[in-house]
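All remarks here apply to the structure that follows.
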Amino acid sequence: MSGPDRRAPSTADLGRLVVRCPDRPGIVAVLSGLMAEAGANITESQQHSSDPSGGTFTLRLEFVLDDLATRRTELEEALAGLAGEWQFTWRLTEAARTPRLAVFVSKADHVLQELLYRVDAGDLRAEIAAVVSNHPDLEPVARAHGVPFHHVPVTPDTKDAAEARALELIGDVDLVVLARYMQIVSADFCSRFPERLINIHHSFLPAFVGANPYRAAHDRGVKLIGATAHYVTAELDAGPIIEQEVARVDHRATVEDMRRIGRYVERQVLAQAVTWHVEDRVVVEGDRTIVFA
């Protein structure tokens with residue numbers, strides 16, 4: 001007897017709609033009616049109001065519409081027709097389209113390995129189009145997964161040229177992921193990927209900075225180890241936060257124990273943030289995010 005069919009459902013006709021507008025009565029009914037008139041079946045609906053008395057309303061819908069790729073233009077025209085009256089902005093995407101990612105790394109492999117595994121397993125529906133590194137160490141990891149690897153050395157004197165070369169190599173990608181890339185990217189680099197550039201770092205900042213934060217945290221008896229994934233802006237480590245997680249340690253933990261636990265947390269946090277981004281679950285609202293998890 002054969003086992004249950006565990007194949008993921010087809011995404012061919014699955015769409016996602018994110019709408020933002022001034023909060024007012026009737027917007028949910030209007031959008032639901034539009035989808036019903038188009039023949040779409042809403043399979044997931046989440047919403048958030050920043051202030052019901054007059055703030056911003058955000059709605060995310062997942063829906064199934066037969067022959068979505070062909071009928072997308074029809075749906076976009078209907079949305080455009082309502083956008084002026086209801087003063088909303090909107091984003092419509094097709095789940096069948098595979099986002100292309102560029103991953104920047106240095107020498108640590110744990111976060112890259114997690115992203116590669118999730119893509120290969122189908123848990124992260126994206127294509128890692130390129131891995132870029134300022135060191136050659138992780139080339140075998142990328143090549144083992146069939147991903148192009150580009151070694152672009154960076155020194156203080158060559159930083160601008162290195163960034164230009166990296167941009168040339170990755171081409172047109174939907175998202176750039178700094179997966180323990182131990183370089184500060186420039187404001188110009190950030191501006192090329194607004195809300196499409198994600199970083200991961202330990203959550204000891206700003207208390208324990210420098211090259212050996214785990215030693216400093218250990219010496220101070222820290223009891224929580226965490227990681228933060230956020231969008232990158234020109235202000236260092238100050239972009240809108242997407243995901244955070246912590247793990248508890250006690251007095252018995254060595255510095256190496258703390259580093260190991262930190263690696264586990266970083267893997268989970270960054271992979272989750274990237275997954276939510278490619279599934280259109282993250283909406284930036286000023287200095288913070290709305291995450292429809």
Side-chain angles (χ1 to χ4, degrees), residues 3-50 52 55-83 85-101 115 117-127 174-175 195-196 198 229 240 242-243 268-285 288-293:
D5 186 349
R6 299 185 183 277
R7 291 175 299 176
S10 171
T11 59
D13 295 321
L14 179 64
R16 305 183 185 114
L17 174 66
V18 178
V19 172
R20 303 203 75 205
C21 64
D23 200 350
R24 56 190 281 198
I27 183 63
V28 174
V30 166
L31 290 169
S32 298
L34 182 152
M35 302 303 286
E37 185 174 339
N41 179 34
I42 297 174
T43 57
E44 183 178 328
S45 177
Q46 293 176 284
Q47 59 196 61
H48 170 74
S49 177
S50 62
T56 300
F57 179 79
T58 306
L59 174 71
R60 179 187 182 275
L61 298 177
E62 280 197 2
F63 63 91
V64 176
L65 178 62
D66 290 342
D67 201 16
L68 174 59
T70 301
R71 300 186 60 193
R72 175 173 178 150
T73 300
E74 170 192 338
L75 193 56
E76 289 178 329
E77 290 174 351
L79 287 164
L82 288 174
E85 177 184 354
W86 288 86
Q87 298 180 291
F88 66 68
T89 58
W90 52 276
R91 180 171 78 242
L92 179 66
T93 59
E94 299 173 42
R97 181 183 177 276
T98 303
R100 301 179 73 248
L101 280 54
L115 293 172
Y117 170 78
R118 294 197 184 201
V119 168
D120 289 348
D123 298 331
L124 172 58
R125 292 184 176 178
E127 172 196 355
D174 298 288
L175 178 69
E195 300 173 15
R196 295 189 295 123
I198 296 178
I242 306 169
E243 172 66 330
Q268 170 65 27
V269 168
L270 184 59
Q272 187 63 80
V274 172
T275 300
W276 282 337
H277 176 93
V278 302
E279 292 180 355
D280 300 294
R281 294 184 179 276
V282 187
V283 180
V284 175
E285 187 175 63
R288 59 199 298 265
T289 61
I290 299 166
V291 180
F292 292 119

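Note that these values count all heavy atoms, side chains included, but never hydrogens, waters or copies made by symmetry.
- Counting heavy atoms from C-beta on, the side chains of Trp90 and Glu76 come closer than 4.5 Å.
- Heavy-atom minimum distance, Val278 versus Pro99: CB-CG, 4.0 Å.
- Annotation for Leu68 and Glu94: closest pair CD2-CG, 3.8 Å, computed over non-hydrogen atoms.
- Side-chain atoms of Ser50 come within 3.5 Å of backbone atoms of Thr56 as a donor-acceptor pair (strictly under, hydrogens ignored).
- To the nearest 0.5 Å, atoms CG (Leu124) and OG1 (Thr275) are separated by 4.5 Å.
- Between Pro240 and Val284 the shortest heavy-atom distance is CG-CG1, 4.0 Å.
- In summary, of the residues considered (Ile42, Asp280, Asn41, Thr43), a side-chain contact (heavy atoms from CB on, under 4.5 Å) with Glu62 occurs for Thr43 alone.
- Judged by distance alone, with hydrogens and angles left aside, the side-chain atoms of Gln46 form a donor-acceptor pair with the main-chain N or O of Ala293 at under 3.5 Å.
- Here the straight-line distance linking atom CG of Leu75 with atom CD of Glu77 works out to 10.0 Å at 0.5 Å rounding.
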Under 3.5 Å, which donor-acceptor pairs link side chains of residues 17-30 to any protein atom two or more places apart or in another chain?
residue, atom, partner, partner atom, Å
Arg20, NE, Thr58, OG1, 2.9
Arg20, NH2, Thr58, OG1, 3.4
Arg20, NH2, Glu285, OE2, 2.7
Asp23, OD2, Ser49, OG, 2.4
Arg24, NH1, Glu85, O, 3.3

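- Separating the CD1 atom in Ile242 from the CD atom in Glu195 is a distance of 9.5 Å, to the nearest 0.5 Å.
- Remark: Glu243 CD to Thr289 OG1 distance equals 9.5 Å, nearest 0.5 Å.
- Under the rule for a salt bridge (charged side-chain N to carboxylate O under 4.0 Å, His left out), the partners of Arg71 that lie at least two apart in sequence or sit in another chain are Glu74.
- The distance from atom CG of Leu31 to atom CZ of Phe88, rounded to the nearest 0.5 Å, is 5.5 Å.
- With salt bridges taken as basic N to acidic carboxylate O contacts below 4.0 Å, one links Glu44 and Arg60.
- Contact detail for Ala271 and Leu115: the closest heavy-atom pair is CA-CD2, 4.0 Å.
- Note on residues 26-42: no pairs pass salt bridge (charged side-chain N to carboxylate O under 4.0 Å, His left out), not counting sequence neighbours.
- Of all heavy-atom pairs spanning Asp174 and Arg97, the tightest one is OD1-NH2, 2.9 Å.
- Heavy atoms only, all atoms of each residue included: Leu59 and Ser45 are closest at CD1-OG, 3.7 Å.
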